[in-house]
Amino acid sequence: MDRHQKSDASTEAAPKAPSVRKGGRSRINAIYQTMRDRICFFEYPPTMVLKEVALAQEFGVSRTPIRQILQRLESEKLVEIRDGVGTIVTGVDFRRLKDVYELRLRISEIMADFIQKANIPQALAEIQALIARAEKLREEPDLRTFWIIENDRHRLLNRLISNEPLRELHDSLYMQTARVWYDIVESVWPEALEALHAELAELRRALELGDTRAIGWTARNYIAYSMSRLSRHFDPT
């Protein structure tokens, strides 16, 4: 299994920007998601300086939306804006990471109270497709594909949440931990792959039953697993 190669510290090292629809909020969100994914894939590695001018040129927008996106990424602790230096991709603070995981656990416990049952049939169809994609990883291991499946699973759950502030918090906290988990998955690949299959199967059962409590607790259990693995990685004592 080839480890995803991390880029050097330049915006030119990142993949070509995707085509995004013209128009205010949808376009800014698409650029934001692209930049956030690049941070999580380490295409923008820690300590890299993100330059507004270069990013604006790449995405074909003015510096104003780029500045707004960087501020949003800073609120998620993925970058830090320093006067006189610029915007720097952050590293990992394990103590803070544990706090984020603790909050993610709590959110999963209450998520059932805010799940829209009307969205469950669509989520069930999507989980079936995710299971099929995950099965291919047994024969064709690939870290990037693993992370994309993980990311799609998260977005599936996120769309079930009817409360917008909770949905935004749920999404933001996930992204703060996702890149760290992605960075160590290779070292625990067989275990992580089996855990992914187990979670997807449990989510499918919960969705089939329309059991919102089971959906939340399945998500919580997998968060707890990831937290345990990261704890052993960063603090083996």
Side-chain angles (χ1 to χ4, degrees), residues 18-21 23-34 36-37 40-41 72 76 100-101 103-179 181-182 185 192-227:
S19 174
V20 293
R21 292 183 301 163
R25 188 171 181 179
S26 63
R27 189 178 192 192
I28 292 173
N29 281 338
I31 297 171
Y32 157 74
Q33 289 176 5
T34 297
R36 190 176 67 170
D37 286 353
C40 291
F41 280 127
R72 185 175 175 183
E76 296 176 340
V100 173
Y101 263 106
L103 188 52
R104 287 186 65 199
L105 289 173
R106 296 299 185 188
I107 287 176
S108 296
E109 291 170 5
I110 67 170
M111 189 171 71
D113 296 330
F114 301 93
I115 287 179
Q116 293 180 315
K117 285 197 172 185
N119 292 337
I120 287 180
Q122 178 62 34
L124 181 57
E126 292 176 8
I127 206 76
Q128 297 279 25
L130 283 180
I131 289 172
R133 288 162 57 192
E135 190 61 35
K136 293 181 180 179
L137 285 175
R138 296 188 189 276
E139 301 298 327
E140 302 175 9
D142 182 81
L143 293 172
R144 190 182 183 95
T145 300
F146 178 96
W147 192 90
I148 292 172
I149 293 172
E150 285 267 86
N151 200 38
D152 288 347
R153 173 202 51 79
H154 160 73
R155 287 174 176 167
L156 179 157
L157 290 172
N158 205 58
R159 286 192 296 270
L160 288 173
I161 300 173
S162 60
N163 182 284
E164 185 174 355
L166 181 63
R167 185 168 62 248
E168 291 176 353
L169 180 60
H170 179 258
D171 187 47
S172 174
L173 294 174
Y174 167 77
M175 296 311 301
Q176 291 179 46
T177 58
R179 63 174 173 158
W181 176 233
Y182 172 77
V185 159
L193 185 58
E194 290 308 312
L196 174 62
H197 279 275
E199 184 194 17
L200 292 176
E202 288 295 323
L203 283 175
R204 178 174 60 185
R205 281 191 285 271
L207 289 166
E208 287 172 341
L209 294 170
D211 189 335
T212 58
R213 295 289 172 192
I215 293 169
W217 278 96
T218 298
R220 182 201 180 281
N221 290 341
Y222 189 73
I223 292 169
Y225 160 75
S226 300
M227 182 177 177

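Heavy atoms only: backbone and side chains are in, while hydrogens, waters and symmetry mates are out. All residue numbers refer to positions in the sequence shown, counting from 1.
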CZ of R167 to CD1 of I107: how many Å apart, nearest 0.5 Å? 13.0 Å
Give me the atom names and distance for the closest heavy-atom approach of A118 to P121. O-CD, 3.5 Å
Results of side chain to side chain contact (heavy atoms under 4.5 Å, CB included) for E109 - residues two or more places apart only: R106, W217, R220
Rounded to the nearest 0.5 Å, how far does CG of L143 lie from CZ of F41? 10.0 Å
With sequence neighbours excluded, residues passing ring-ring contact (aromatic ring centres under 6.0 Å, His included) with F114: none
Are W147 and D37 close enough that some pair of their side-chain heavy atoms sits under 4.5 Å apart? yes
Residue pair L193 / A134: nearest heavy atoms and the distance that separates them: CD1-O, 4.4 Å
What is the distance from atom CG of L173 to atom CG of L103, rounded to the nearest 0.5 Å? 5.0 Å
Quick check: closest heavy atoms across L156 and A123, and the distance to 0.1 Å? CD1-O, 3.5 Å
Once you round to the nearest 0.5 Å, how far does CD1 of I215 lie from CD1 of I115? 4.5 Å
With sequence neighbours left out, the residues meeting salt bridge (charged side-chain N to carboxylate O under 4.0 Å, His left out) with D211 are none
Between C40 and Y182, the two heavy atoms sitting closest are O-CD2, 3.5 Å
My understanding is that only residues two or more places apart in sequence, or in another chain, count here; which of them pass side chain to side chain contact (heavy atoms under 4.5 Å, CB included) with A195? Y222, Y225
Sequence neighbours excluded, which residues qualify as side-chain hydrogen bond (donor to acceptor under 3.5 Å, both in side chains) partners of T212? none
Just do the side chain to side chain contact (heavy atoms under 4.5 Å, CB included) check on M175 and N151 with the steps written out, would you? CA-CA 9 Å; M175 296 311 301; N151 200 38; 4.0 Å; yes
Set of side-chain hydrogen bond (donor to acceptor under 3.5 Å, both in side chains) partners for N221, sequence neighbours left out: none
Between CD1 on residue I131 and CG on residue L196, distance to nearest 0.5 Å: 9.5 Å
Considering only NZ, NE, NH1 and NH2 on the basic side and carboxylate oxygens on the acidic side, decide whether R205 and E208 come within less than 4.0 Å. no
Strictly by salt bridge (charged side-chain N to carboxylate O under 4.0 Å, His left out), give each pair with a member in residues 119-129 just once, sequence neighbours left out. E126-R159
Does E76 have any salt bridge (charged side-chain N to carboxylate O under 4.0 Å, His left out) partners at least two apart in sequence or in another chain, and if so, which? none
For residues R36 and D171, determine if any side-chain heavy atom of one lies less than 4.5 Å from a side-chain heavy atom of the other. yes
Partners passing side chain to side chain contact (heavy atoms under 4.5 Å, CB included) against E194 (at least two apart in sequence or in another chain): R138
Just do the side chain to side chain contact (heavy atoms under 4.5 Å, CB included) check on I149 and L137 with the steps written out, would you? CA-CA 10 Å; I149 293 172; L137 285 175; 3.8 Å; yes
Residue list, side-chain hydrogen bond (donor to acceptor under 3.5 Å, both in side chains) with S162, at least two apart or on another chain: none
Residues passing the side chain to side chain contact (heavy atoms under 4.5 Å, CB included) test with R153, sequence neighbours excluded, are L130, E150, L157, Y174, E199, L200, L203
Considering only heavy atoms from C-beta outward, does the side chain of T218 approach that of R204 to under 4.5 Å? no
Go through the structure and list residues passing side-chain hydrogen bond (donor to acceptor under 3.5 Å, both in side chains) with N119, not counting sequence neighbours. Q116
Heavy-atom closest contact (A192 atom, V185 atom, distance): CB-CG1, 4.3 Å
Side chain proximity check, T145 to K136, heavy atoms < 4.5 angstrom: no
Interatomic spacing from CZ in R104 to NE2 in H154 - rounded to 0.5 Å: 7.5 Å
Flag side-chain contact, heavy atom, 4.5 Å: S226 against Y101: yes
